[in-house]
Undergrad: 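Before I ask anything, here is the structure I am working with.
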2 protein chains.
Amino acid sequence: MERKGKANLEDIAKVTGVSKMTVSRVLRGGQGFSDETRDRVIAAADRMGYVPNRLAAAFNSVQASTLVGICVPRLTSGLFGHVLDGVDRALTRLGYQVMIGCNNHQPLEEEAWLRQVVSWRPAGVILSGRSHTPGAVELLHNAGMPVVEIWDLTTSPIDMSVGFSHYDCGVEVGQFLVRKGRRRAGYVGASSRADVMGQARMEGFSAALVLAGYPLVDREVLLDSPGFYAGYYGLETLLARRPDLDVVYFHNDEMAIGGLAYCQQRGIRVPEDLGIVGWGGMEAASVLPRRLTTTVVPTTLIGKQAAEALVARLKGEPVQDVTVIATRLVPGETG
Amino acid sequence: MERKGKANLEDIAKVTGVSKMTVSRVLRGGQGFSDETRDRVIAAADRMGYVPNRLAAAFNSVQASTLVGICVPRLTSGLFGHVLDGVDRALTRLGYQVMIGCNNHQPLEEEAWLRQVVSWRPAGVILSGRSHTPGAVELLHNAGMPVVEIWDLTTSPIDMSVGFSHYDCGVEVGQFLVRKGRRRAGYVGASSRADVMGQARMEGFSAALVLAGYPLVDREVLLDSPGFYAGYYGLETLLARRPDLDVVYFHNDEMAIGGLAYCQQRGIRVPEDLGIVGWGGMEAASVLPRRLTTTVVPTTLIGKQAAEALVARLKGEPVQDVTVIATRLVPGETG
DNA sequence: CTAAGGCAGTTTACCGGTAACGTAGCCAAG
DNA sequence: CTTGGCTACGTTACCGGTAAACTGCCTTAG
């Protein structure tokens, strides 16, 4: 009769001889019952292996669900792994469940994911970047739940934004390299079609160089995933065209390490013959034979702050709309 | 009256002058309505920005939800990022939503996560490893949903298993190194308390060495996260005790790369003075100055197969309980 | 001409939990 | 003795969607 593990409130109510409302109150830790009733209910729930049905709870009430969605551009990037970790730690602690998604840098895929997730009536969502389809924006406005845009800062967020300016990252590197005496800079990138954030870094980089009077000499942007091989072959291609470059800024650290490998193999001395600069601050970059010059992004912190902003808004606490996270240009031995 | 974005089936029904059951059938692509009715309903749903309520749908019916949970030991590991990617791609394509969790290699945290997730009545879950608390196992049995244990193979899975033997990975490396003439092997690991899988690799490694007559000389296992620094300092500590080692097997590639960095810095020639072997097959390892000898694990494939096994079981298709995924020992230039 | 069957729907009941409200019993103050 | 308030519950209605059963109406076969 006491079917293990499939009991619902009513079953427990029957067994303990109270109403299911009382069971509900006890199990959610409310009040309005005697200690004796509480003990009997809890014992029965335990014995019967009661598993609450959050579907029913969330479905019924205006009370927010404990579901939070997060969509990142790529799941295989080490950086986003840390972001996810920051989000997950912060939210798990508070009793939320995290639904993930990946948009491959495509706003359309983000919208498709959003439509699925919103149909679960989540408490809020975290998105990456600030490019969204009109449909996605409308959906979010109608849903009326907290939204945090992370990674790429925007001054006019849908709701809240936690991140930094990719453009400024590029500017900072450009200025740094000019100060270090570099005059003929190149850029090697890779974008799976629509990575506007990598694009922004390059634009900032280029703008800073123009301003300093030493404009970007050449660039090579591959239509490939931004990994080690793309860095290796991208640098090879670029140097074949312009052997006179004295520094190359890469889309990210993985690619920069690929570039380093190419230099090593061709006997190009780094940083004497050629400077190499990455972006992102992946751990590997700081233990390489030559410590990579790169911009360190506090990934876990971004995830944590995003989660906290979302929860604060849910609780009705005051939250600032835009949280700026400082990145750090770390001069290594390659730039 | 047509409140944008908050319409439900009944609102659409009223506007189009049919019953909500008809609207439900139309929107789910069923049958039993005229083309004209269908067009009117779809137009109204579109106009009113109808967002289906999966909470209600999943709640009501025996029909499975489209939620799948996956729990990994660490979110910051590049390997699990690829596993997640494989799972996500496979499931998204089929209309499922993915809930993530992270157990930090602790079965207790896995159980806590499971209790949360099961309360959402998911269609199935994917777990990492084969160590689970009794409470978790009971919960899963009672829930009666598909369960896939990935990463570490088990011959008696709770339900299904997709992975490989960590022990065998260690054995293979041990045999390989003995064949290459190594005689005095060491091991450098790091375990945040309860990483039984890394432990299994070391045991297999050790067993193979014993069998060959050249038992493991010494090992250094740090209580730290298995990253580059742990590899660096682990090797330093180990070599301080046993400078006569001729090869060191590392917990994973990150640590092996840290070890390589240490050798580079101390002028230890690799592989002449000391062999370095990693595990995992992270991309960086194949483009380093010296290509790392390591075991490549088809991470994305594991995620994909796990997702497919789960869905097959949901559809009632025949599925084999245990799927063995082949790992590949790739001799590089360091071992 | 009538029964059978198909089409295009409608109606009803229900899923499990929760908010809101109702009520019985008890005690103390007026 | 009555009233009012408190405690400890019980009752009812409802959330949004879906399965299953039901209802006219029209066509077609016998």
Side-chain angles (χ1 to χ4, degrees), chain A residues 3 5-42 44-45 48-67 116 118-123 142-143, chain B residues 3 5-42 44-45 48-67 116 118-123 142-143:
Chain A
R3 305 157 310 163
K6 286 164 201 177
N8 59 23
L9 285 191
E10 192 145 25
D11 297 333
I12 298 177
K14 263 183 226 145
V15 168
T16 49
V18 297
S19 73
K20 67 175 184 170
M21 194 61 230
T22 299
V23 177
S24 170
R25 277 193 284 250
V26 168
L27 293 182
R28 278 185 307 150
Q31 48 185 343
F33 45 79
S34 64
D35 288 1
E36 197 248 326
T37 302
R38 188 197 55 215
D39 293 346
R40 285 222 327 280
V41 166
I42 289 178
M48 299 168 79
Y50 172 71
V51 179
N53 187 338
R54 236 178 261 276
L55 240 41
F59 163 55
N60 170 32
S61 64
V62 192
Q63 164 219 8
S65 87
T66 59
L67 237 36
Q116 298 293 324
V118 170
S119 75
W120 285 100
R121 308 285 131 106
N142 287 338
Chain B
R3 304 156 310 161
K6 288 163 200 178
N8 60 23
L9 286 190
E10 191 145 28
D11 296 333
I12 298 177
K14 262 183 227 146
V15 168
T16 49
V18 298
S19 72
K20 66 175 184 169
M21 193 61 228
T22 300
V23 177
S24 170
R25 275 196 287 254
V26 168
L27 293 182
R28 279 186 306 149
Q31 48 183 343
F33 44 80
S34 64
D35 287 1
E36 197 247 327
T37 302
R38 188 196 57 214
D39 294 346
R40 284 219 329 278
V41 166
I42 289 177
M48 300 168 78
Y50 173 71
V51 178
N53 187 337
R54 237 179 258 276
L55 239 42
F59 162 56
N60 170 32
S61 63
V62 193
Q63 163 220 7
S65 89
T66 58
L67 235 36
Q116 298 294 323
V118 170
S119 76
W120 285 99
R121 303 292 189 265
N142 287 338

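All heavy atoms count here, side chains included; hydrogens, waters and symmetry mates do not. We name chains A, B, ... by the order of the sequence lines, and we start the count at 1 in each one.
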Undergrad: How many whole angstroms separate atom CG of D35(B) from atom P of dG9(C)?
TA: 10 Å

Undergrad: Could you tell me whether the phosphate oxygens of dG17(C), OP1 or OP2, come under 4.0 Å of any side-chain nitrogen or oxygen in R54(A)?
TA: no

Undergrad: Report yes or no: does D11(B) contribute a side-chain atom to a donor-acceptor pair with the main-chain N or O of N8(B) at less than 3.5 Å?
TA: yes

Undergrad: For S19(A), answer base if it contacts any base atom (sugar-phosphate contacts may also be present), sugar-phosphate if it contacts only those atoms, and nothing otherwise; contact means non-hydrogen atoms under 4.0 Å.
TA: base

Undergrad: Check whether any side-chain N or O of N8(B) sits under 4.0 Å from OP1 or OP2 of dG16(D), and answer yes or no.
TA: yes

Undergrad: Which atom pair, heavy atoms only, marks the closest approach of Y50(B) to A7(B)?
TA: CD1-O, 3.2 Å

Undergrad: OP1 or OP2 of dG17(D) versus the side-chain N and O atoms of R121(A): is any pair under 4.0 Å?
TA: no

Undergrad: Between dG16(D) and N53(B), counting only base atoms on the nucleotide and side-chain atoms on the residue, is there a donor-acceptor pair under 3.5 Å?
TA: no

Undergrad: Tell me whether the side-chain N/O atoms of Y50(B) come closer than 4.0 Å to OP1 or OP2 in dG17(D).
TA: yes

Undergrad: Tell me which residues in residues 20-27 of chain B lie within less than 4.0 Å of DNA chain D, going by non-hydrogen atoms.
TA: K20(B), M21(B), S24(B)

Undergrad: Measuring to OP1 and OP2 of dA19(D), would you say a side-chain N or O of R28(B) lies under 4.0 angstrom away?
TA: yes

Undergrad: Would you indicate, yes or no, if dC9(D) has its OP1 or OP2 atom less than 4.0 angstrom from a side-chain nitrogen or oxygen of S34(A)?
TA: yes

